[in-house]
Amino acid sequence: MSEKPKNTDKPKNTDKAEQQRLGVFKTYKLYVGGKFPRSESGRVYEVTDSQGTWLANAPLSSRKDARDAVVAARKAFGGWSGATAYNRGQVLYRVAEMLEGRRDQFVREVADSEGLSKSKAAAVVDAAIDRWVWYAGWTDKIAQVVGGGNPVAGPYFNLSTPEPTGVVTVLAPQESSFLGLVSVIAPVIATGNTVIVIASERSPLPALSLGEVLATSDVPGGVVNILSGRTAEIAAPLAAHQDVNAIDLAGADDVLAKELEVAAADNLKRVVRPQAVDYFAAPGIERLTAFLETKTVWHPTGALGASGSSY
């Protein structure tokens, strides 16, 4: 009787864990009023890396989205501006903590968006995290630097105190999609303002992901609102909006900046024009003071004479 031939075939791998998975693509959404809506228009546009490779579809915001963001920012202004400066500093520091935990994600997104090597993207993300910490430290100090008692010739105390301007629109830098973005958002909210951010048109993904961090960082809904899409299309209604108090044109070219500045003049918005900025350099306090108003209070001290004051 002949032997049965041995089966030399290897058994097939039936482990489902080793089977190829379908990729789960991220759906990027706007961040408005503490929520993540899709664009009211239902439109999206393709975002590509520096080599033209598709990365994701980003929401294409409409004028209605911009108006909704203003409503959310105005609603949040009272609570945020009324919070103590120390509390605002704690919240900004919490943002830095959460970003540190998601560092790898942002390194990847910045590298893809800006065409940087992983090491250079890591340096950008680290600088952005440090920038949140830096502005967190200024929240309860800026009043002492730009405010104080003023000497006057009369029987009065004269005190100057900085107050937030209100609702601010910020056109994020186009080329610096994350460090530049943080550098224009953090000083606005550190001083008690609320903000509507128009993300970099070409590289909006780090900004949209930042919304996810803000939502879990104790930042009240509406304090920061992030829109993506065509910068000129979204900025035009915001520059003319009567309930927007100031606008930062960091991400506008010269032609667009001039158009928006004319529109902003209708209700005397405070305007910060675009300028060349090295976002890796120490930021100073210019952007902190750019969106502060000074309130001066006079209080009688009584008659001043040789013997001192009397009431």
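Heads up: numbering here begins at 1 and tracks the sequence. The analysis underlying the following values was restricted to heavy atoms, covering all of them including side chains, and did not include hydrogens, waters or symmetry mates.
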Looking at every heavy atom in both [X] and [Y], which two are closest together, and how far apart are they?
X	Y	answer
S61	S228	OG-O, 2.6 Å
A73	T194	O-OG1, 3.0 Å
T296	N158	CG2-ND2, 3.2 Å
S203	S177	O-CB, 3.4 Å
L249	P274	O-CB, 3.3 Å
V107	A122	CG2-CA, 3.7 Å

Can you check whether [Y]'s main-chain N or O pairs, donor with acceptor, with [X]'s side chain at less than 3.5 Å?
X	Y	answer
R131	L179	no
N193	V167	no
S200	Q174	yes
S209	F106	no
N225	V195	yes
W132	V182	no
T139	A85	yes
S50	E114	no
D49	D112	no
N267	D243	no

Do you see a donor-acceptor pair shorter than 3.5 Å between the side chains of K269 and T169? no

Between S39 and D65: side-chain donor-acceptor atoms closer than 3.5 Å: yes

With a 6.0 Å cut-off (strictly less than), is the heavy-atom count around [atom1] of [X], excluding the residue itself, greater than 12?
X	atom1	value
K141	NZ	yes
K26	NZ	yes
Q242	CD	yes
D278	CG	yes
R102	CZ	yes

Answer yes if [X] and [Y] sit in the same cluster of Ile, Leu, Val, Met, Phe, Trp and Tyr residues linked by side chain heavy atoms under 4.5 Å apart, and no otherwise.
X	Y	result
V124	L99	yes
L208	V44	no
V170	I234	no
V110	Y279	yes
V197	I129	yes

Chi angles and distances behind the side-chain contact (heavy atoms from CB on, under 4.5 Å) call for V91, S217:
CA-CA 7 Å; V91 172; S217 302; 5.8 Å; no

Working to the nearest 0.5 Å, report the span between [atom1] of [X] and [atom2] of [Y].
X	Y	atom1	atom2	answer
H241	R63	NE2	CZ	11.5 Å
E109	L205	CD	CG	6.0 Å
D68	E40	CG	CD	7.5 Å
L238	L260	CG	CG	9.5 Å
L92	N87	CG	CG	10.5 Å
E163	L292	CD	CG	9.5 Å

Parallel, tilted or perpendicular for F36 and Y31, by the 30°/60° rule? tilted

Using a 4.5 Å cut-off on heavy atoms from C-beta on, say whether the side chain of [Y] contacts that of [X].
X	Y	value
I185	L210	yes
S113	P206	yes
I226	L214	yes
I247	L171	yes
P59	R38	no
V47	Y28	no
V70	R67	no
R287	S183	no

(request) For the pair R103 and D126, find out whether any cationic side-chain nitrogen is under 4.0 Å from an anionic carboxylate oxygen. (result) yes

Quiz prompt | Charged N-O contact under 4.0 Å between R108 and D104 | solution = no

Item to complete: Give the C-alpha distance, both sets of side-chain angles, the deciding distance and a yes or no for salt bridge (Lys or Arg N to Asp or Glu O under 4.0 Å) between E261 and K258.
Response: CA-CA 5 Å; E261 191 170 12; K258 184 175 181 180; over 6 Å; no

Exercise for the section: Verify side-chain contact (heavy atoms from CB on, under 4.5 Å) between N245 and R74, making sure each step is shown before the conclusion. Expected result: CA-CA 10 Å; N245 304 108; R74 179 57 64 188; 2.7 Å; yes

Could you walk me through whether E293 and R270 satisfy the salt bridge (Lys or Arg N to Asp or Glu O under 4.0 Å) test, starting with their C-alpha distance in whole Å, then the side-chain angles of each, then the deciding distance to 0.1 Å, before giving a yes or no?
CA-CA 10 Å; E293 307 291 344; R270 178 169 291 198; 3.1 Å; yes

Exercise. Using the six-membered ring of Y45, assess whether NZ or CZ of R230 lies under 6.0 Å from its centre and within 45 degrees of the ring axis.
Key: yes

Across all chains, not counting sequence neighbours, the ring pair (Phe, Tyr, Trp, His ring centres under 6.0 Å) partners of Y86 are none

Sorted by chain and number, sequence neighbours left out, ring pair (Phe, Tyr, Trp, His ring centres under 6.0 Å) with Y135 holds for none

**Request:** Step by step, work out the salt bridge (Lys or Arg N to Asp or Glu O under 4.0 Å) result for R202 and E175.
**Result:** CA-CA 8 Å; R202 186 180 67 84; E175 302 304 322; 3.7 Å; yes

Partner of I196 under side chain to side chain contact (heavy atoms under 4.5 Å, CB included), picked from V168, V188, L227, V224, is L227

query = Can you check side-chain contact (heavy atoms from CB on, under 4.5 Å) on T294 and V146, steps first, answer last?
reply = CA-CA 9 Å; T294 301; V146 299; over 6 Å; no

side-chain contact (heavy atoms from CB on, under 4.5 Å) between F157 and V152, worked out: CA-CA 8 Å; F157 291 123; V152 293; over 6 Å; no

